[in-house]
Visitor: 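The structure's right below; bear with me while I get my questions together.
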Amino acid sequence: MEQGFDLTVRRGRIVTDDAIIEGDVGIRDGRIAAIAAKLPPGTRDVDAAGRWVLPGGIDSHCHVEQLSGMGVMSADDFYSATVSAAFGGTTTIIPFAAQHRGTSIPEVVRDYAERARTKAVIDYGFHLILANPDEPTLARDLPDAIRGGISSLKVYMTYDSLKLDDYQLLDVLELAREQGALVMVHAENNDIIKWLAKRLLERGHTAPKFHAVAHDPLAEAEAANRAITFSRLLDAPILIVHVAGGDTVELIRGARHLGAHVLAESCPQYLFLTAEDLDRAGLEGAKFCCSPPPRDAGSQESVWQGFLDGTLQTYSSDHAPYRFDKTGKLPKGEQTTFKDMANGVPGLELRMPLLFSEGVLKGRMDIHQFVRLTASNHADLYGLAPRKGRIAIGADADLAIWNPDRETRIAHADLHDEVGYTPYEGRVIKGWPEVVVSRGRVVVENNVLHAERGSGQYLRRGSPRFEWPQPRAGASRRPAGLVARALASDKSA
Ligand code: URP
Ligand code: ZN
Ligand code: ZN
């Protein structure tokens, strides 16, 4: 006899990879068991009439319970971050287990695993932040971590305490290619930023708006170009995170036309904020200081186009939550300069609602593009497919049920993070994920959380799944695998 469902989501507009189905989703044992126009009732039913039924989001770039490069602890722990994510329709996060110089990868991984285990309410994996690629780390610890399900790592080209030099970047890219891991790159030229910042401060330019001057778009573009060059040299896949500037979008597009194995991400702050937001009274602009900083309307437009034409594959929050006080943005109170403040903006909860409102409902992107950018591309690139990121038979029943008509005036008081402000305060958006389901559990409904602390599961991730565009005819004369082939053989072989 056909088993019944634990939960049936009824009469929704269900978005799968290639179709929109008006009907029901049947859920059993935490997984999607059936999708059809009409299914039998479950032990419990949720009515989704007039609603979109979408995969729960995957946020593959967020900083949780993490010490920043400047040594500042983020305001959200694994409980508040995952609760906040769930209320915004995200059912999986991939934050960082962050190495700082002097700590080893195994101890870092153990530490973050333990912090998350007792607090997370939705599922999570980890990327590594690699700050010390020494011999034992590259030979032993990194391969072990990758085999253990941490199949991506982030490297920094800026921040004195985190940055890798070019030689180290090449070491890491070579190893990642051999091990089938994806390298995420924070691409900004450290010396350009330091040089500009020093001169700005000497001239008394201390206000938050000078953060955007010091982090010039060319500092981003130069580093991105260098990372792309290294990736091409070694045929090693990279993903450039938090792309902000129009020049960088162009570089990535051009590199992909040449057949480079280059992927990219951008974030709400680069679609919905500009450098002008940093120029607010007093130190208010600090609430908008992230790295790279928001740019101008032209760059916003480039990022939109990059998402629409496939140059950029993932839309993440880069949630980097720092309070507007001595513990975060204002370590020196009123005397804080743009160089002292922790970099980062919050965005876990509003990431998807902002794009749903301004992208889907305003007709800039279709619902399939939205799903790819917020969920399925993350699952493919970070080794979570086919379990996560799609509404498909056998996948985890991670769903967000969106009311497209609900209008919200954004107020931090209604959000669930511990940051104390949002850069989007007062904006009016349409559409909200009113019911959120994680592995078949209704975790958010009627604006109430129904998930226990520690009920999220750790996700051991597999290899990334890439699909590279064909190089444009005649675009590159560089044969694939040139250096990799030479390095794969030695004279005695
Ligand atoms: O300003 C930002 N993005 N802070 C978070 C750390 C990072 O580089 O992603
Ligand atoms: Zn970064
Ligand atoms: Zn980040």
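Indexing begins at 1, ligand by ligand and atom by atom, following the structure's order. One-based numbering along the sequence shown.
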Visitor: In terms of atom number and element, which parts of ligand 1 are under 4.0 angstrom from non-hydrogen atoms of Cys290?
Guide: 1 (O)
Visitor: Measure from the Zn ion (ligand 2) to every N/O/S atom of His242 and report the name of the nearest one.
Guide: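 Looking at His242, the N, O or S atom with the least distance to the Zn ion (ligand 2) is NE2.
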Visitor: Give me the residue, atom name and distance of the protein heavy atom closest to atom 4 (N) of ligand 1.
Guide: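 The answer is Asn343 O, 3.0 Å.
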Visitor: Is any side-chain N of the basic residue among Glu202 and Lys198 closer than 4.0 Å to the acidic one's carboxylate O?
Guide: yes
Visitor: Please work out which of the three classes, parallel, tilted or perpendicular, describes the rings of Tyr124 and Phe78, given edges at 30° and 60°.
Guide: tilted
Visitor: Is there a donor in the side chain of Ser60 and an acceptor in the side chain of His378, or the other way round, less than 3.5 Å apart?
Guide: yes
Visitor: Show which atoms of ligand 1 fall inside a sub-4.0 Å distance from at least one heavy-atom site of His61.
Guide: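 Near His61, meaning under 4.0 Å from one of its heavy atoms, ligand 1 has 9 (O).
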Visitor: Of His319, His186, His215, which is the lone residue that meets ring pair (Phe, Tyr, Trp, His ring centres under 6.0 Å) with His242?
Guide: His186
Visitor: Report the nearest protein non-hydrogen atom to atom 3 (N) of ligand 1: residue, atom name, distance rounded to 0.1 Å.
Guide: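 Heavy-atom neighbour on the protein nearest atom 3 (N) of ligand 1: Asp318 OD2, 2.7 Å.
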Visitor: For His211 and Phe288, I'd like to know if the aromatic rings sit close, meaning centre-to-centre distance below 6.0 Å.
Guide: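 Distance test on ring centres: not under 6.0 Å, no.
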Visitor: Considering heavy atoms of the protein only, find what lies nearest to atom 6 (C) of ligand 1 and give residue, atom and distance to 0.1 Å.
Guide: His63 NE2, 3.5 Å
Visitor: Should Lys163 and Asp160 count as an ion pair when the cut-off is N to O under 4.0 Å?
Guide: no
Visitor: Does this structure show an ion pair linking Lys287 with Glu284, if we count only N-O contacts that are shorter than 4.0 Å?
Guide: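 So Lys287 pairs with Glu284 through a salt bridge.
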Visitor: Are any N, O or S atoms from Val241 nearer to the Zn ion (ligand 2) than 2.8 Å?
Guide: no
Visitor: Would Lys194 and Glu188 pass as an ion pair if we require N to O under 4.0 Å?
Guide: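 No, this pair does not count.
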Visitor: Would you check whether Gly344 has a nitrogen or oxygen atom less than 3.5 angstrom from a nitrogen or oxygen atom of ligand 1?
Guide: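 Yes, there is a polar N/O contact under 3.5 Å.
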Visitor: Do His412 and Thr422 pair up side chain to side chain, a donor and an acceptor below 3.5 Å, judged on atom types alone?
Guide: no
Visitor: As a test of reading the structure, name the N/O/S atom of His186 that is nearest the Zn ion (ligand 2).
Guide: ND1
Visitor: Got the closest protein heavy atom to atom 7 (C) of ligand 1, with its distance?
Guide: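 For this ligand atom, the closest protein heavy atom is Lys154 NZ, 3.3 Å.
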Visitor: What is the nearest protein non-hydrogen atom to atom 8 (O) of ligand 1, stated with its residue, atom name and distance?
Guide: His186 ND1, 2.9 Å
Visitor: Using a heavy-atom cut-off of under 4.0 Å, does the side chain or the backbone of Ala320 touch ligand 1, or both, or neither?
Guide: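 The answer is the side chain of Ala320.
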Visitor: With the Zn ion (ligand 3) at the center, what angle do NE2 from His63 and OD1 from Asp318 span, rounded to 10 degrees?
Guide: 100°
Visitor: Among all protein heavy atoms, pick out the one at the shortest distance from atom 1 (O) of ligand 1; state its residue, atom name and that distance to 0.1 Å.
Guide: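 So the nearest neighbour among protein heavy atoms is Ser291 N, 2.7 Å.
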